[in-house]
S.K.: 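Questions regarding the structure given below will be posed in turn.
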Amino acid sequence: MSENLESKLQDALRPVAPSDEFSRALLKRVTATRHSPAHLERAGRPWPRSAAWWVAAPFAAFVLIAFGVQHHLQAERERALGMQARHQVIEALHVTSQKLDLAYQAVRTQSSAFVEADTGV
Amino acid sequence: MRICRSLMLAVLLLPALACAEPNPQLVLPDFAALSKKAAQSTTISLDSSMLALAGRFLEADDPQDAAAQEVIKGISGIYVRSFAFDTDSAYSQSDIEAVRRQLSAPGWSRLVETRSRKTHADVDIYVMIVNKQAIGLALIASEPRALTIVNIIGSIDLEKLHKLEGQFGVPKLDLETGKAAPRGSQP
C-alpha cells in the first residue's frame, strides 16, 4: 500500500521538460520586462551617483590645489615683504649710525680743539 | 539736552587730554621737490608691524642682524628721509623748517648740536624724554650736498645705540646717557 503511494508520488513529481509554448511565452515576458522603462530606470540609477563622484573629486582636488597655491603665494609675498623690511631696517640703522658718527666727529674735533687751547698747544 | 551732553563729554575727556603724553612721531613732509632734485634719495617708513615683520627675518647668526634685532626690540617706528645731491645748496633751511618747528614743541630736548666749519655739516640730535625714559629720537643732519632726517619712536636705549654704532663700522659715540641738554644749548 505504502509502496504504491510512493511510486505514484514519484511519478507525479518527476521533472518534466516545459512545453515549447511555455518556454516561448516565458522568454517573451523576460525580454519585455528587461526593456521596460521601469527596468531601465532602475538599471541606470547608479550612473548619476558615479557622475557626481567624478565631478566632485576633481573639484575637491582643484580646491585643494588652489588653496595650496594661494597659501604658497601668500607665504612668498610675506617673505618678500619681510626681506624688504629687513633691508630697510638695516639701511635705516646704517644711515642713523653714519649721521651719529658725523656728530661724533664734530664733537671730537671740538673737544680736541678745546684741549689744545687749554694746554696752549 | 545736547549742550548738557557736550559738557559731560568735555568733562570726561579733559583728564584724558591733560594726561596725554607728547607724541614722539614727527609729521615728516612729503619732500617731493627734494626727491626730484636729489641724485639719490632714501625714504624709509617702518611702523611697529613692519618692524615686527623685519625682526622675523633678521638672522641671529649674523652679527649685524643680531645688533639690529637688539636695537629694534624697544622701538615701534623708524622713519628716515635722506637726500644726496650733486651740487651744493640744493636745498634750503626752509625745507626742514616744518620739522624743526615740531622739535621745538614741549617734550623734545636737544641732546647734541654740532656745527662743523670744516665740513659744513650740522647735526642736531633731539630726544623726547618722558618719566626719565627716552621715547623718541630725532636727528637732522644738514651737509652741503646731503640732508638726512631720522625719527625713531620707542624706548631708546642709548647703550644699544652704542652697540649699533660698533656693529655698523662706526666708532662708539660717548654720549652721556640720560643727560639731555636743555633745548637750544650748545655742546
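Worth saying up front: this structure is predicted, and the values here are computed from it rather than measured.
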S.K.: Chain A contacts: which residues in residues 37-44 of chain B have a non-hydrogen atom closer than 4.5 Å to it?
M.R.: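 Within residues 37-44 of chain B, near chain A: B:T42, B:T43, B:I44.
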S.K.: Are any non-hydrogen side-chain atoms of A:L100 and B:V112 less than 4.5 angstrom apart?
M.R.: no
S.K.: May I ask you to test the B:T114-A:L102 pair for a side-chain heavy-atom distance under 4.5 Å?
M.R.: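 Sidechains of A:L102 and B:T114: no contact.
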S.K.: Supply the atom-to-atom distance B:L46 CG to A:Q88 CD, rounded to the nearest 0.5 angstrom.
M.R.: 5.0 Å
S.K.: Please find the pair of heavy atoms, one from B:A68 and one from A:V89, that lie closest to each other, and give the distance.
M.R.: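 Taking B:A68 first and A:V89 second, the nearest heavy atoms are CB-CG1, 4.4 Å.
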S.K.: Would you please test A:R86 and B:D65 for side-chain contact (heavy atoms from CB on, under 4.5 Å) and show each step?
M.R.: CA-CA 9 Å; A:R86 174 189 169 273; B:D65 279 22; 2.9 Å; yes
S.K.: Tabulate, in ascending numerical order, the residues of residues 49-58 of chain B having at least one heavy atom closer than 4.5 Å to a heavy atom of chain A, or enter 'none'.
M.R.: B:M50, B:L51, B:L53, B:A54, B:R56, B:F57, B:L58
S.K.: Applying the 4.5 Å side-chain criterion to the ILVMFWY set and letting contacts propagate, would B:V27 and B:V80 be lumped into a single cluster?
M.R.: no
S.K.: Please round to the nearest 0.5 Å and tell me the distance separating atom OG of B:S82 and atom CD of A:E91.
M.R.: 8.0 Å
S.K.: Quick one: does A:T96's side chain get under 4.5 Å of B:T148's, heavy atoms only?
M.R.: no
S.K.: Using non-hydrogen atoms only, which part of A:Q84 is less than 4.5 Å away from chain B: side chain, backbone, both, or neither?
M.R.: neither
S.K.: So with a 6.0 Å cut-off around CZ of A:R29, is the heavy-atom count from everything else above 12?
M.R.: no
S.K.: Should the heavy atoms of other residues, nucleotides or ligands under 6.0 Å from CG of A:D11 be counted, would the total exceed 12?
M.R.: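 Yes - once you tally the heavy atoms of other residues, nucleotides and ligands closer than 6.0 Å, there are more than 12.
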S.K.: With only heavy atoms counted, which part of B:E143 is less than 4.5 Å from chain A, the side chain, the backbone, both or neither?
M.R.: side chain
